[in-house]
Visitor: 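Here you go, one structure.
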Amino acid sequence: MLLGELPGQIIALVKAELDAFKAEVAGKAKNIGLGIGLFAVAGVFAFLAVIVLIALGVIALALVLPLWLATLIVAVSLLLIAAILVFVGVNRVKAGTAPDPEGIAASIRHDVDAFKGVGEYEH
């Protein structure tokens, strides 16, 4: 009689363990989602703070220069920073996508040639 209840007990144990696992994962997912949401809100506030600091720069320059000139100087400075970042980014992308003659493609080609018995290869 006790052996007849064993499969049902095992199934109940597995179900209980799965339910506990689901509850744990759901709790962790909730915390992760909340954390990501808080990071996003923090990013928005940081972006707004940068805008305020840029406005502060315009106001500070306007104390010694005409307002239009102060605004122009800050705008040109921001565009210059953006252009430099684009230039550096383009160079990094080009460096990352440049073909590597000694890379994986050459290694595969060498292996195929060795498999065919063509070219130089070690035995």
Side-chain angles (χ1 to χ4, degrees):
M1 180 110 169
L2 190 58
L3 287 177
E5 294 177 8
L6 187 60
Q9 294 286 338
I10 291 174
I11 291 172
L13 178 63
V14 169
K15 284 183 181 181
E17 289 293 331
L18 285 175
D19 289 341
F21 177 73
K22 287 179 189 178
E24 180 182 343
V25 169
K28 287 182 180 183
K30 184 178 177 182
N31 283 331
I32 290 171
L34 182 60
I36 289 172
L38 291 173
F39 281 136
V41 171
V44 169
F45 278 102
F47 177 71
L48 294 174
V50 168
I51 291 173
V52 170
L53 289 173
I54 291 169
L56 175 66
V58 171
I59 293 168
L61 276 176
L63 294 174
V64 292
L65 299 171
L67 182 59
W68 68 268
L69 186 57
T71 306
L72 181 65
I73 289 171
V74 171
V76 169
S77 300
L78 292 172
L79 288 174
L80 183 62
I81 291 170
I84 290 170
L85 291 174
V86 166
F87 178 73
V88 171
V90 165
N91 284 339
R92 298 304 300 166
V93 169
K94 283 182 181 178
T97 58
D100 184 9
E102 299 299 320
I104 190 78
S107 175
I108 291 172
R109 216 173 301 115
H110 183 268
D111 292 344
V112 168
D113 288 345
F115 182 71
K116 290 180 181 177
V118 178
E120 297 179 22
Y121 59 94
E122 296 180 20
H123 291 89

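Quick caveat: nothing in here was measured; it's all calculated off a predicted structure. For reference, positions follow the sequence shown, starting with 1.
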Visitor: What residues, two or more places apart in sequence or in another chain, satisfy side-chain contact (heavy atoms from CB on, under 4.5 Å) together with Val14?
Guide: Ile10, Leu18
Visitor: Report, one line per pair, each donor and acceptor closer than 3.5 Å where one atom sits in a side chain of residues 59-81; sequence neighbours left out.
Guide:
| from | atom 1 | to | atom 2 | distance (Å) |
| --- | --- | --- | --- | --- |
| Thr71 | OG1 | Leu67 | O | 2.9 |
| Ser77 | OG | Ile73 | O | 2.8 |

Visitor: Can you check whether Val52 reaches Leu48 side chain to side chain, under 4.5 Å on heavy atoms?
Guide: no
Visitor: Output the distance between atom CD1 (Ile32) and atom CD1 (Ile36), rounded to the nearest 0.5 Å.
Guide: 7.0 Å
Visitor: Through direct or indirect side-chain contacts below 4.5 angstrom among Ile, Leu, Val, Met, Phe, Trp and Tyr, which residues connect to Val90?
Guide: Val86
